[in-house]
Amino acid sequence: MNKLDNTLLKSLPPFLNLAPDQIRDILERAQPRRFATGDTIFAEDGTADAFFLLLDGYVRAVRITEDGEQIVLLHISSGQLFGIAKAIGRTTYPASAIATGECLVLSWPTRHWDEFIKKYPRFASETYSTVGSRMGELNNRIVEMSTLHVEQRVANAILRMVQQAGRKTEQGIEIDFPVTRQDVAEMAGTTLHTVSRLLSAWQKAEIIASRRKLIVVTAPHKLVVFSETGQFPE
DNA sequence: ACATTAATTATGT
DNA sequence: ACATAATTAATGT
């Protein structure tokens with residue numbers, strides 16, 4: 001039913017080295033979907049009736065607190081599996097998935113999960129490693145949140161985005177999806193005002209350059225040093 | 001050391 | 001023109 005290129009899946013980690021008929025098997029059960037900026041792909045606590053593979057674009061995992069405050073848990077970049085509640089023994093999604101920018105996604109009904117795991121060892125090991133690395137990231141962030149100062153936290157938030165979605169330009173490394181100060185604030189656990197103030201300062205110090213919804217890190221090394229020491233190098 | 005409030009300006013449809 | 005984003009200063013905990 002779909003006109004997706006068969007070579008597309010072949011190059012993705014979970015489906016590496018599969019035979020053509022296996023690729024077809026997987027694609028036949030997949031539903032390709034597009035999402036626009038800000039679209040909710042699935043909602044926190046909703047029944048996990050599908051799991052997903054991000055083909056293009058970026059998605060962020062978001063949770064809402066008691067008093068309606070958003071926090072951004074992590075970003076997912078293309079090639080990654082997400083919405084894999086089954087992998088952590090859940091029947092509902094632990095967070096909401098929001099499209100940041102245009103997204104192209106493959107989704108499969110959850111009932112195929114167990115079979116995929118059995119049939120395709122790469123798919124199984126890939127889910128383990130993505131679950132593992134996300135746990136690791138969240139783990140680090142807990143430590144950061146409780147030990148570091150805001151300035152270091154927003155530095156880390158920016159560095160993480162650079163790491164996951166950095167694109168080299170003439171000026172430096174640019175974050176490949178739209179980010180507002182509010183977004184950064186939600187990642188660093190602070191307010192957009194503090195973020196705005198910090199970004200302005202770092203702009204003057206020629207560490208970053210930023211326009212509306214865009215952040216370019218012009219001196220990545222200095223920002224790394226700052227995130228670790230709380231001081232800019234001479 | 002940070003958040004909150006509020007007022008002001010810039011930017012994108 | 002209108003809504004959304006960003007800056008900036010003042011005040012608060």
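Every chain is numbered from 1 and lettered A, B, ... according to where its sequence line falls, protein lines coming before strand lines.
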Rounded distance (Å) that lies between atom P of dA10(B) and atom CG of Leu192(A): 18 Å

Salt-bridge contact Glu144(A)-Arg153(A) (side-chain N to carboxylate O under 4.0 Å): no

Side-chain-base donor-acceptor pair under 3.5 Å for Arg212(A) and dT4(C): yes

N/O donor-acceptor pair under 3.5 Å between Trp108(A) side chain and Ile26(A) backbone: yes

Any Ser196(A) side-chain N or O less than 4.0 Å from OP1/OP2 of dT7(C): yes

N/O (side chain, Thr191(A)) to phosphate O (OP1/OP2, dC2(B)) under 4.0 Å: no

Under 4.0 angstrom between Arg197(A) side-chain N/O and dT8(C) OP1 or OP2: no

Distance in angstrom units between Glu186(A) CD and dA5(C) P, rounded: 11 Å

Nearest-Å distance for atom pair CZ/C1', residues Arg211(A) and dA5(C): 15 Å

Presence of donor-acceptor pair under 3.5 Å, side chain of His193(A) and base of dT4(B): no

Between P of dA3(C) and CD of Gln182(A), the distance in whole Å: 19 Å

Nearest-Å distance for atom pair CH2/P, residues Trp202(A) and dA6(C): 15 Å

d(CG, Asp183(A); C1', dT4(C)) in whole Å: 13 Å

Atom pair distance, as rounded to whole Å: CD in Glu151(A) and P in dA1(B): 8 Å

Salt bridge flag under 4.0 Å for residues Arg29(A) and Glu115(A): yes

d(CZ, Arg153(A); P, dC2(B)) in whole Å: 7 Å

Phe82(A) and Phe42(A) aromatic ring geometry - parallel, tilted or perpendicular at 30°/60° bounds: parallel

